[in-house]
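First the structure, in the form of structure tokens, and then the observations on it.
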Amino acid sequence: MDGEEAGPPKRELYALLQVSPEATDEDIRKAYRHWAQVYHPDKYQDFHMQQIATENFQRICQAYEILSDEYKRQIYDIYGMEGINSGLELGPKLDKVEELKAELERLRKRKEEEKMLAHFRPSGTILSHLSLPQFLDGDGIMRGMAMSSEVQSQLSKRTVIAIGGNLEVNENSGGGAASTVLRHQLSPVSSIEFIASAGLRALIGVQTTRNLSLHSTATIAIAKSLRDGSINLSNTWTRQLSETANGNIGTSSFAASAHYTHRFSSKSHGRIAGRFGSTNLEVEVGGGRKLSNFSTVRMLYTIGIQGIFWKFELHRGGQKLIIPMLLSRHLNPVFATGAFVIPTSLYFLLKKFVVKPYYLQREKQKTLENKERNSAQVQEARAAAEKAQQLLKIVANRKISRHLETNELVITKAVYGSSKALKKADESREVNKESASEVFDVTIPLNFLINDSGQLKLHEGVRKSGIMGFCDPCPGEPKLLHVEFTYGGKRFEVEVDDYAALLIPQESHRV
């Protein structure tokens with residue numbers, strides 16, 4: 001279904017049989033026998049009920065057929081029904097999970113790798129230098145321009161070659177260069193690059209990169225200029241400081257640099273950088289925002305011995321557009337403060353009154369489009385779940401009556417669906433008409449699932465929409481399960497995420 005959310009495997013087959021993903025073969029057999037008795041068509045005299053039972057009995061049989069087969073179950077655990085339906089056949093010699101994964105990966109990606117070997121991946125940068133003082137002097141705003149392009153080709157699984165070139169024009173002078181980079185992956189944690197360039201910056205060099213730990217990377221490079229024979233040695237250390245921040249420190253024969261980037265959300269980040277050297281001393285602050293999966297825009301403010309700059313960057317795929325604008329060659333404190341404060345204030349005003357409302361409206365429109373696109377499939381899923389509930393209703397009502405008499409566990413209300421809709425319902429104490437389509441009543445199946453010990457247990461890592469009598473009312477959106485129940489004459493309430501485990505009754509859920 002379109003719009004399905006990314007995340008853990010759905011594992012509907014485990015949900016159908018109501019077993020854990022770690023269930024033993026015996027657990028799966030017991031669960032199959034239990035559900036086969038519930039849904040066997042011979043149990044029902046009414047023709048309509050027989051049809052419903054037959055549909056669900058076939059689902060139970062399919063789940064058991066896959067999960068009871070060692071190889072099919074391993075395929076399903078790794079790739080889900082996509083792997084099962086792909087027609088992959090594995091030999092009996094693949095008796096280890098690692099071997100199975102490797103074989104599946106080889107079969108699945110063989111065609112992709114064949115295409116990749118012949119595929120060239122281009123990237124390029126356009127750098128346009130603007131100068132406000134030059135423009136005010138009547139000499140035009142363009143100070144210089146540079147363009148670079150690179151094409152990568154995968155020679156093998158571990159080796160890449162990149163061929164590129166650049167042209168640069170700065171006032172009355174210009175030049176160009178051509179470069180070749182051969183990159184080889186030595187191991188999962190280290191790589192080496194051989195670099196050669198001819199033209200404006202003719203040089204040869206070698207660079208090696210190694211992951212020092214899960215969060216740290218070090219790069220060492222040495223290059224020799226073919227024009228004057230000088231040698232440049234550089235080192236760069238990059239570290240992931242936290243889940244939302246990373247830092248970078250670099251040194252070379254002529255300069256040192258450092259930068260810190262903090263991610264405020266999945267779409268926006270801030271950046272502070274500094275560069276120090278014999279010809280350069282500057283500090284840079286700014287931030288960026290992700291416009292889409294392929295595009296990012298960034299605005300930066302730089303102050304240093306070369307002057308005061310604004311810099312605009314647009315990144316899309318492998319392409320970059322960078323426009324630095326020189327505002328002033330003089331470090332006037334008042335001008336420097338204004339050049340920082342005024343655009344920053346404008347940014348926050350635009351973000352609050354223009355950008356944020358636009359994105360909220362766009363997200364709302366996407367949600368509506370997703371609902372319309374999936375409406376037919378959701379209706380079919382709802383109808384199938386309601387049919388399944390008809391078969392569970394008699395036993396569920398019998399359990400409710402018996403447990404009410406003995407003050408045992410009774411599910412009084414259970415709804416599954418959009419987390420946003422359920423949170424709004426908690427605030428208003430009721431589900432409005434707009435949110436009703438995003439939730440589904442699952443009181444009957446949960447009462448049916450109460451075991452002989454008087455407990456309800458839902459397994460961790462199993463998506464709840466796959467449970468018999470459940471359906472997904474809002475594909476692509478985060479979901480919750482809200483349950484209200486009574487036990488021992490007392491009221492309880494609990495809410496859990498889609499993949500979270502649930503065990504009730506528990507005293508911690510008491511209202």
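Below, each value reflects all heavy atoms present in this structure, side chains not excepted, and no hydrogens, waters or symmetry copies.
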Counting heavy atoms not belonging to [X], are there more than 12 under 6.0 Å from its [atom1]?
{"X": "F312", "atom1": "CZ", "value": "yes"}
{"X": "Q240", "atom1": "CD", "value": "yes"}
{"X": "K311", "atom1": "NZ", "value": "yes"}
{"X": "L281", "atom1": "CG", "value": "yes"}
{"X": "F294", "atom1": "CZ", "value": "no"}
{"X": "F340", "atom1": "CZ", "value": "no"}

Are the side chains of [X] and [Y] in touch, meaning some heavy atoms are under 4.5 Å apart?
{"X": "S465", "Y": "F440", "result": "no"}
{"X": "V378", "Y": "C474", "result": "no"}
{"X": "I322", "Y": "H129", "result": "no"}
{"X": "L291", "Y": "Y359", "result": "yes"}
{"X": "F264", "Y": "H262", "result": "yes"}
{"X": "I308", "Y": "I303", "result": "yes"}
{"X": "L326", "Y": "L132", "result": "no"}
{"X": "H459", "Y": "Y14", "result": "no"}

Enter the distance from [X]:[atom1] to [Y]:[atom2] here, rounded to the nearest 0.5 Å.
{"X": "K290", "Y": "S268", "atom1": "NZ", "atom2": "OG", "value": "11.5 Å"}
{"X": "Q379", "Y": "S437", "atom1": "CD", "atom2": "OG", "value": "9.0 Å"}
{"X": "L422", "Y": "L481", "atom1": "CG", "atom2": "CG", "value": "8.5 Å"}
{"X": "C471", "Y": "Q377", "atom1": "SG", "atom2": "CD", "value": "12.5 Å"}
{"X": "L130", "Y": "I141", "atom1": "CG", "atom2": "CD1", "value": "5.0 Å"}
{"X": "K356", "Y": "F348", "atom1": "NZ", "atom2": "CZ", "value": "12.0 Å"}

Worksheet entry | Pairs involving residues 216-241, ordered by first then second residue, that meet salt bridge (Lys or Arg N to Asp or Glu O under 4.0 Å) (sequence neighbours left out) |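 Sorted pair list comes back empty.
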Practice prompt. Any pair with a residue in residues 245-269 that passes salt bridge (Lys or Arg N to Asp or Glu O under 4.0 Å), sequence neighbours left out, goes on the list, sorted by first then second residue, please.
Written response: K267-E363
Would [X] and [Y] count as having a side-chain donor-acceptor pair, cut-off 3.5 Å?
{"X": "T159", "Y": "H184", "answer": "yes"}
{"X": "D69", "Y": "Y76", "answer": "no"}
{"X": "Y347", "Y": "R289", "answer": "no"}

Practice prompt. I would like to know whether R316 and S295 meet side chain to side chain donor-acceptor pair (under 3.5 Å); could you show each step before the answer?
Written response: CA-CA 4 Å; R316 180 168 177 81; S295 301; 2.5 Å; yes
So which atom in [X] and which in [Y] form the shortest heavy-atom distance, rounded to 0.1 Å?
{"X": "L233", "Y": "A221", "value": "CD1-O, 3.3 Å"}
{"X": "A385", "Y": "F470", "value": "CB-O, 3.4 Å"}
{"X": "L300", "Y": "G286", "value": "CD2-CA, 3.8 Å"}
{"X": "R11", "Y": "V462", "value": "O-CG1, 3.7 Å"}
{"X": "P133", "Y": "S328", "value": "CG-CA, 4.1 Å"}
{"X": "N232", "Y": "S252", "value": "OD1-CB, 3.6 Å"}

Which pairs of donor and acceptor atoms, one on a side chain in residues 195-209, lie under 3.5 Å apart (sequence neighbours left out)?
unit_1, atom_1, unit_2, atom_2, d
S197, OG, A178, O, 3.4
S197, OG, R201, O, 2.9
T208, OG1, S191, O, 3.1
T209, OG1, T219, OG1, 3.2

Item to complete: Please lay out, stage by stage, how V160 and L155 fare under the test side-chain contact (heavy atoms from CB on, under 4.5 Å).
Response: CA-CA 5 Å; V160 175; L155 299 180; over 6 Å; no
Discussion item. Using the rule given for side-chain contact (heavy atoms from CB on, under 4.5 Å), can you reason through T302 versus V283, listing the C-alpha separation, both sets of side-chain angles and the distance that settles it, and then say yes or no?
Written reply: CA-CA 6 Å; T302 305; V283 176; over 6 Å; no
Item to complete: Report the C-alpha distance between D472 and R463 in whole Å, list the side-chain angles of each, state the deciding distance to 0.1 Å, and finish with yes or no for salt bridge (Lys or Arg N to Asp or Glu O under 4.0 Å).
Response: CA-CA 10 Å; D472 185 350; R463 192 165 180 252; 2.7 Å; yes
Does [Y] offer a backbone N or O that forms a donor-acceptor pair with the side chain of [X] under 3.5 Å?
{"X": "W310", "Y": "P343", "value": "no"}
{"X": "E150", "Y": "G165", "value": "no"}
{"X": "S173", "Y": "N170", "value": "yes"}
{"X": "Q185", "Y": "S190", "value": "yes"}
{"X": "K352", "Y": "L350", "value": "no"}
{"X": "Y301", "Y": "A336", "value": "yes"}
{"X": "N332", "Y": "F335", "value": "yes"}
{"X": "E313", "Y": "R298", "value": "no"}
{"X": "D498", "Y": "K464", "value": "yes"}

Practice prompt. Dump the intermediate steps for side-chain contact (heavy atoms from CB on, under 4.5 Å) on L458 and I467, then the final yes or no.
Written response: CA-CA 9 Å; L458 302 182; I467 298 172; 4.0 Å; yes
Item to complete: Might you work through the salt bridge (Lys or Arg N to Asp or Glu O under 4.0 Å) test for K420 and E438, ending with a clear yes or no?
Response: CA-CA 9 Å; K420 291 182 181 178; E438 299 179 348; over 6 Å; no
Item to complete: Check step by step if side-chain contact (heavy atoms from CB on, under 4.5 Å) holds for V169 and M147.
Response: CA-CA 9 Å; V169 177; M147 291 185 293; over 6 Å; no
